[in-house]
Peer 1: 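First the structure, then my questions, so here it is.
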Amino acid sequence: MTDPSHAGSLLTIDVAAIVANWRLISQGVTPAEAAAVVKADSYGLGAEHIAPALAAAGCKTFVVATLDEGIALRSVVPAAVILVLNGPFPGTEAEFAAHSLVPVLNSLGQITAWANFAKAGSGAPAAAIHIDTGMNRLGLDEAELDRLAARPSVLAGVRPILALSHLACADERNNPMNEEQHMLFTRLAARLPAMPLSLSASSGCFLGRNYHFDLVRPGAALYGINPTPDRPNPMAQVVRLQGKILQVRDVDSPRSVGYGATYRVTGPGRIATVAVGYADGWFRSLGNRGHGMIGGVKVPLVGRVSMDLACFDVSAVPPSQAHPGALIDLIDPDFTVDDAAADAGTIGYEILTALGRRHHRRWLTGAEEAQT
Ligand SMILES: *Cc1c(COP(=O)(O)O)cnc(C)c1O
């Protein structure tokens with residue numbers, strides 16, 4: 001953990017807001033269950049801080065991507081169901097069972113390996129089965145489900161507790177693919193023994209009741225990313241990223257800023273150099289496109305982002321607010337992770353998961369005094 005006075009940037013993660021976001025979704029999908037997707041270390045925000053708070057709020061099922069994420073999570077939420085989306089690589093089945101992790105079986109190969117592993121032990125450990133309905137990424141297609149149905153002994157050895165699929169276009173409410181995948185999921189799941197079903201991630205939770213099935217799997221929405229991009233964001237903001245100003249310089253034309261001299265100063269003004277760069281996840285694609293906020297004023301990022309530094313034109317901000325040591329907000333409730341992602345030409349998911357290791361991180365649980 002870096003000392004905040006040493007660090008060039010402060011990352012504040014509002015765990016109470018994450019819990020509130022989970023509750024909002026959970027209440028919206030009742031009687032379906034809301035899991036919490038905490039893969040990639042809770043989208044880069046710290047699963048060991050976030051998952052226990054969600055468990056305390058009543059979340060019973062957590063979703064990660066990899067075996068190691070599952071093993072790490074097991075020690076912080078000992079009683080939870082933990083689904084591992086990627087399923088087992090050959091030979092790792094015993095480690096899933098040892099940590100009571102539920103693998104998502106994504107192919108006939110994974111299913112057969114799990115059944116063989118279960119046969120060798122005492123009683124089949126629980127697993128989930130992934131049905132592909134249009135992503136063509138992981139999961140069994142219709143022909144593979146037929147082959148599985150023809151070998152009921154394999155399935156009996158697997159003890160499936162959930163069948164899931166994943167929507168490709170759920171963030172586009174009117175995309176006809178949503179309804180197509182919904183129909184295919186219902187039709188294909190009927191080839192399996194009756195078991196709980198799960199189709200929706202964050203955006204699917206907002207497509208209406210019939211998309212909820214028995215379990216929903218929100219991730220991004222918990223962390224403040226808008227699951228309904230064509231409408232106002234129903235989720236609370238979670239992340240505040242503040243960069244520290246290292247120096248402020250007076251400039252005038254004909255000067256330029258940064259590598260490649262891509263920004264040309266057009267007149268008298270002030271440039272603040274901030275201790276955040278692409279090594280901190282402040283993407284190079286933000287060069288001459290990004291923004292920050294100082295005292296409620298939106299200031300443009302000028303020149304290229306370098307590894308450890310980025311420059312902002314702070315001419316519109318009084319020197320009393322833009323001075324060495326002052327903070328510039330790079331993500332905050334008024335300039336959200338989605339806003340930063342739009343500047344960078346990416347999605348909020350990538351901004352969050354790229355947040356670097358040099359930020360001084362703080363997790364707010366709601367018990368602290370308000371900080372400015
Ligand atoms: C990542 C993922 C989720 C969560 O998606 P969000 O859009 O972040 O809510 C759910 N299910 C699967 C299979 C995933 O890969």
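In listed order, ligands and their atoms are each counted from 1. Here the structure is a predicted model, which means the values were calculated and not measured.
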Peer 1: Can we call the ring centroids of Phe117 and Phe96 under 6.0 Å apart?
Peer 2: no

Peer 1: At what distance is the nearest protein heavy atom to atom 12 (C) of ligand 1, and which residue and atom is it?
Peer 2: His166 CE1, 3.4 Å

Peer 1: Check this for me - ligand 1, Gly219, N or O atoms closer than 3.5 angstrom, yes or no?
Peer 2: yes

Peer 1: Assess the side chains of Asp313 and Ser315: does a donor N or O sit below 3.5 Å from an acceptor N or O?
Peer 2: yes

Peer 1: May I ask you to list the atoms of ligand 1 that are less than 4.0 angstrom from any heavy atom of Lys39?
Peer 2: 1 (C), 2 (C), 3 (C), 14 (C), 15 (O)

Peer 1: Arg137 heavy atoms, cut-off 4.0 Å: which ligand 1 atoms fall inside?
Peer 2: 15 (O)

Peer 1: Which residue and non-hydrogen atom of the protein lie closest to atom 9 (O) of ligand 1, and at what distance in Å?
Peer 2: Ser202 OG, 2.5 Å

Peer 1: What part of Leu164, side chain from CB on, backbone N/CA/C/O, both or neither, has a heavy atom under 4.0 Å from ligand 1?
Peer 2: neither

Peer 1: Has Arg264 got more than 12 heavy atoms of other residues, nucleotides or ligands less than 6.0 Å from its CZ?
Peer 2: no

Peer 1: Classify the side-chain pair Thr61/Glu33 by whether it contains a donor and acceptor separated by less than 3.5 Å.
Peer 2: yes

Peer 1: By number and element, which atoms of ligand 1 are closer than 4.0 Å to a non-hydrogen atom of Tyr43?
Peer 2: 1 (C), 4 (C), 5 (O), 6 (P), 8 (O)

Peer 1: Among protein heavy atoms, which sits nearest to atom 7 (O) of ligand 1, and what does the distance come to when rounded to 0.1 Å?
Peer 2: Tyr349 OH, 2.6 Å

Peer 1: For ligand 1, which atoms have a heavy atom of Pro218 less than 4.0 angstrom away?
Peer 2: 9 (O)

Peer 1: Under a 4.0 Å threshold between the charged nitrogen and the carboxylate oxygen, would Lys298 count as salt-bridged to Asp334?
Peer 2: no

Peer 1: State the atoms of ligand 1, each with its element, that fall below the 4.0 Å cut-off from a heavy-atom position in Ala220.
Peer 2: 6 (P), 8 (O), 9 (O)

Peer 1: With a 4.0 Å heavy-atom cut-off (strictly under), which part of Arg217 contacts ligand 1: side chain, backbone, both or neither?
Peer 2: both

Peer 1: More than 12 foreign heavy atoms under 6.0 Å from CE of Met183: is that the case here?
Peer 2: no

Peer 1: Need the ligand 1 atom indices (1-based, order shown) with element for anything under 4.0 Å from a heavy-atom of Ala201.
Peer 2: 3 (C), 4 (C), 5 (O), 6 (P), 7 (O), 9 (O), 10 (C)

Peer 1: Is the number of heavy atoms from other residues, nucleotides or ligands within 6.0 Å of CZ (Arg231) greater than 12?
Peer 2: yes

Peer 1: Out of curiosity, Leu162 CG to His130 NE2, how far, rounded to the nearest 0.5 Å?
Peer 2: 10.5 Å

